[in-house]
Amino acid sequence: MGAIIMLLKDKFYTVLHEEKIDSNNAVYLVEVKADCDVYKGHFPHKAVCPGVCNIETIRECAEMLTGEDLYIKTIKQCRLTAVASPEVCPKVDVTISVARIEGTDSFNVVGKIADAEKSYMELKGEFVIK
């Protein structure tokens, strides 16, 4: 197993709470960092969370759940269901469900970013151990 590299954790977001339901399911309460450099370019004075950062957050949470260094092999479905921003939703739940694909080094991953009010992103894909 290689070292797990977190590109955004503690830079774009901070994990405030982790609730492991079982070895395949967890919910991470994360707080996005409004002062992160990402928001200076996306977009100043009207910041929105880039979809690619939401995807990476889901990937990193899947790594925390599995304890494996993962990369995205395929995204089967990715729905941006609402605009997320540090002002609208500074704290969100990242819900992760993983299922090991038998006989492979891959997981089927389902991830969702939401708060009590709405869902911001839903993702389904295959992630592979590096």
For the student: nearest non-hydrogen atoms of [X] and [Y], plus distance:
X	Y	value
Leu65	Ser23	CD1-O, 3.8 Å
Ser97	Asn25	OG-OD1, 3.0 Å
Met121	Ile55	CE-CG1, 3.8 Å
Pro86	Ala34	CB-CB, 3.6 Å
Val38	Pro50	CG1-CG, 3.6 Å

- [ ] Output the rest of the hydrophobic cluster of Val110: all Ile, Leu, Val, Met, Phe, Trp and Tyr residues reachable through side-chain heavy-atom contacts under 4.5 Å, sorted by chain and number.
- [x]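 Reading the cluster by chain and number, Val110 sits alone, since nothing else belongs.
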Give a yes or no on whether the backbone of [Y] and the side-chain of [X] come within a donor-acceptor separation of less than 3.5 Å.
X	Y	answer
Thr57	Cys53	yes
Glu60	Lys9	yes
Glu56	Leu8	no

Please say yes or no: joined through hydrophobic side-chain contacts below 4.5 Å, possibly via intermediate residues, are [X] and [Y] part of one cluster?
X	Y	answer
Met64	Ile72	yes
Ile113	Leu29	no
Phe107	Ile75	yes

Open item on the list: Taking side chain to side chain donor-acceptor pair (under 3.5 Å) as the definition, give me every residue that meets it alongside Asp37, ordered by chain and number, with sequence neighbours left out.
Closed with: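 With neighbours one apart ignored, the set is Lys40.
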TODO: Check side chain to side chain donor-acceptor pair (under 3.5 Å) between Asn24 and all other residues, then give those that pass, not counting sequence neighbours.
DONE: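 Checked Asn24 against side chain to side chain donor-acceptor pair (under 3.5 Å); zero matches.
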Task: Rounded distance [0.5 Å steps], OG1 in Thr66 versus CG in Asp69 - done: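 Thr66 OG1 to Asp69 CG: 9.0 Å, rounded to 0.5 Å.
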Within a strict 4.5 Å, meaning less than it, do heavy atoms of the [X] and [Y] side chains meet?
X	Y	answer
Val30	Thr14	no
Ile21	Val27	yes
Lys124	Val109	no
Glu87	Lys46	no
Lys11	Met6	no
Phe127	Arg59	yes

Enumerate, atom names and distances included, each donor-acceptor pair closer than 3.5 Å involving a side-chain atom of residues 89-96, sequence neighbours excluded.
none

TODO: Could you check Arg100 against Asp105 for salt bridge (Lys or Arg N to Asp or Glu O under 4.0 Å), going step by step and ending with a plain yes or no?
DONE: CA-CA 8 Å; Arg100 187 75 177 251; Asp105 287 337; 3.5 Å; yes
Task: Pairs touching residues 71-84 that satisfy side chain to side chain donor-acceptor pair (under 3.5 Å), sequence neighbours left out - done: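 Qualifying pairs: Lys76-Asn108, Thr81-Ser119.
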Open item on the list: Does anything in residues 11-38 form a ring-ring contact (aromatic ring centres under 6.0 Å, His included)? List the pairs, not counting sequence neighbours.
Closed with: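 Listed by first then second residue: Phe12-Tyr39.
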